[in-house]
Amino acid sequence: MSEEKLRQDITEICHLVYRKGFVAATDGNISVRLPDGNVMCTPTRCNKGFVKPSDLVVIDMKGNKVRGERKPSSEMAMHLLIYEMRPEIMSVVHAHPAGATAFAAAGIPLNKALISEVVLAVGCIPLAQYGTPGTPELTDELKPFIAGFDALLMSNHGVVTYGKKLEDAFNLMDTVEPFAKISIYTKILGKEIGRATSELQSRLHLVCR
């Protein structure tokens, strides 16, 4: 896929993430691994609802800017760690959807087998402990989870999802947030009933905390 097409695709996903309310103002960041090994990403201080293809920045795997008019997002270290640990991953989406971020702020993982489709599609969505955004502290907290999971809650921060395609990474985000809202509704109703066969239960990894 050409760089021009990837720029357009990232821009469209940025606009979609904004329209769905997964980010506000300049929240969040999105990246794609390019065929040459570099990474194309959203710039810092950029409203995802108004980002343009020309705003996107290309960096190398050390975080150095290769080309682009603007500065890359300050949270690219998180993306680069995921790409380094998961060679098959080609895209990362980080956002602050309200429901899932509420779980992250409350210190609660999304690990209940309430919806079988979510267990099959995502499995457990564990909670990484707090690390200051844009610092090694954050990436250190994420390291234990990246190899075994494709969607993570970050304590008092938000959600990060990743996949083999940009669409896959977005679809995971689009799965996590409705599941979080359903989980909140069951708590409001005062009853959570998890239903899972032994096969589904095995998908909820024991390391989820």
Side-chain angles (χ1 to χ4, degrees), residues 1-34 39-59 63 65 67-83 89-106 110 118 121-122 125 127-128 132-134 138 142 150-185:
M1 189 176 294
S2 69
E3 182 174 316
E4 181 180 356
K5 179 65 165 62
L6 286 172
R7 284 181 180 272
Q8 187 61 45
D9 288 351
I10 294 174
T11 300
E12 290 176 0
I13 293 295
C14 283
H15 295 172
L16 183 56
V17 164
Y18 181 80
R19 288 198 303 271
K20 292 182 75 70
F22 293 168
V23 293
T26 61
D27 289 353
N29 32 79
I30 296 175
S31 71
V32 167
R33 195 199 303 256
L34 298 175
V39 172
M40 183 185 296
C41 64
T42 49
T44 190
R45 298 180 181 179
C46 173
N47 187 307
K48 305 308 173 294
F50 305 104
V51 67
K52 304 183 297 294
S54 59
D55 291 327
L56 303 178
V57 182
V58 176
I59 61 175
K65 186 167 76 170
R67 56 186 176 275
E69 296 293 326
R70 304 181 62 170
K71 292 182 179 180
S73 169
S74 60
E75 294 193 276
M76 276 304 106
M78 170 176 64
H79 294 237
L80 296 178
L81 175 65
I82 292 167
Y83 290 131
I89 293 300
M90 301 302 290
S91 183
V92 178
V93 174
H94 166 51
H96 302 167
T101 302
F103 272 86
L110 285 164
V118 174
V122 187
I125 306 161
L127 174 73
T132 305
L138 174 62
L142 293 178
D150 295 334
L152 305 175
L153 301 183
M154 295 178 287
S155 182
N156 300 96
H157 189 175
V159 185
V160 62
T161 58
Y162 32 98
K164 294 181 180 180
K165 298 186 295 184
L166 176 58
E167 182 180 358
D168 294 340
F170 168 77
N171 283 341
L172 282 174
M173 186 69 67
D174 204 24
T175 299
V176 170
E177 177 59 4
F179 178 52
K181 289 181 178 178
I182 291 169
S183 299
I184 291 170
Y185 296 154

Which pairs would a plain distance check flag for residues 162-170, meaning a side-chain donor or acceptor within less than 3.5 Å of a matching protein atom at least two apart in sequence or in another chain?
unit_1	atom_1	unit_2	atom_2	d
Y162	OH	F149	O	2.7
D168	OD2	K165	N	3.4

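- Here L153 contributes atom CG and T101 contributes atom OG1; the two are 8.0 Å apart, rounded to the nearest 0.5 Å.
- Contact annotation: the side chain of L16 never approaches that of F22 to less than 4.5 Å [non-hydrogen atoms, C-beta and beyond].
- The number of heavy atoms from other shown groups lying within 6.0 Å of NZ (K65) is above 12.
- From I30, atom CD1 reaches atom CG of D9 across 11.0 Å, with rounding to the nearest 0.5 Å.
- Shown here for S91 and V32, the closest heavy-atom pair between the two residues is OG-CG2, 3.8 Å.
- Summarising the geometry of R7 relative to L56, their closest heavy-atom pair is NH1-O, 3.3 Å, with the distance given to 0.1 Å.
- In this structure a side-chain-to-backbone donor-acceptor pair under 3.5 Å is present from R33 to I89.
- Looking only at side-chain heavy atoms (C-beta outward), T42 and C14 come within less than 4.5 Å of each other.
- L110 CG to L152 CG: the interatomic distance, rounded to the nearest 0.5 Å, is 11.5 Å.
- Inter-residue side-chain proximity for V160 and I82 is flagged as met; some heavy-atom pair is nearer than 4.5 Å.
- Nearest heavy atoms, H15 versus G49: CD2-O, 3.6 Å.
- Scored by the side-chain hydrogen bond (donor to acceptor under 3.5 Å, both in side chains) test, Q8 finds E12 as partners (sequence neighbours excluded).
- Panel note: side chain H94, backbone V159; a donor-acceptor pair is recorded below 3.5 Å.
- The two residues A151 and I125 have their closest heavy-atom pair at O-CG2, 3.7 Å.
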Name every donor-acceptor pair, under 3.5 Å, that has one atom in a side chain of residues 72-79 and the other anywhere in the protein, sequence neighbours excluded.
unit_1	atom_1	unit_2	atom_2	d
S73	OG	N29	ND2	3.4
S73	OG	E75	N	3.2
E75	OE1	N29	ND2	3.1
E75	OE2	H157	NE2	3.0
H79	ND1	S31	OG	2.7
H79	NE2	N29	OD1	2.6

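- Rounding to the nearest 0.5 Å gives a distance of 10.0 Å between CZ of F103 and CD of E177.
- Considering every non-hydrogen atom in both M173 and A95, the closest pair reads CE-N, 3.7 Å.
- At distances below 3.5 Å, not a single donor-acceptor pair connects side-chain atoms of R45 with backbone N or O atoms of K71.
- Using a 4.5 Å cut-off on side-chain heavy atoms (C-beta onward), V17 and K48 make no contact.
- To the nearest 0.5 angstrom, I59 atom CD1 is 11.5 Å from R67 atom CZ.
- The shortest heavy-atom contact between A128 and L142 is CB-CD2, 3.8 Å.
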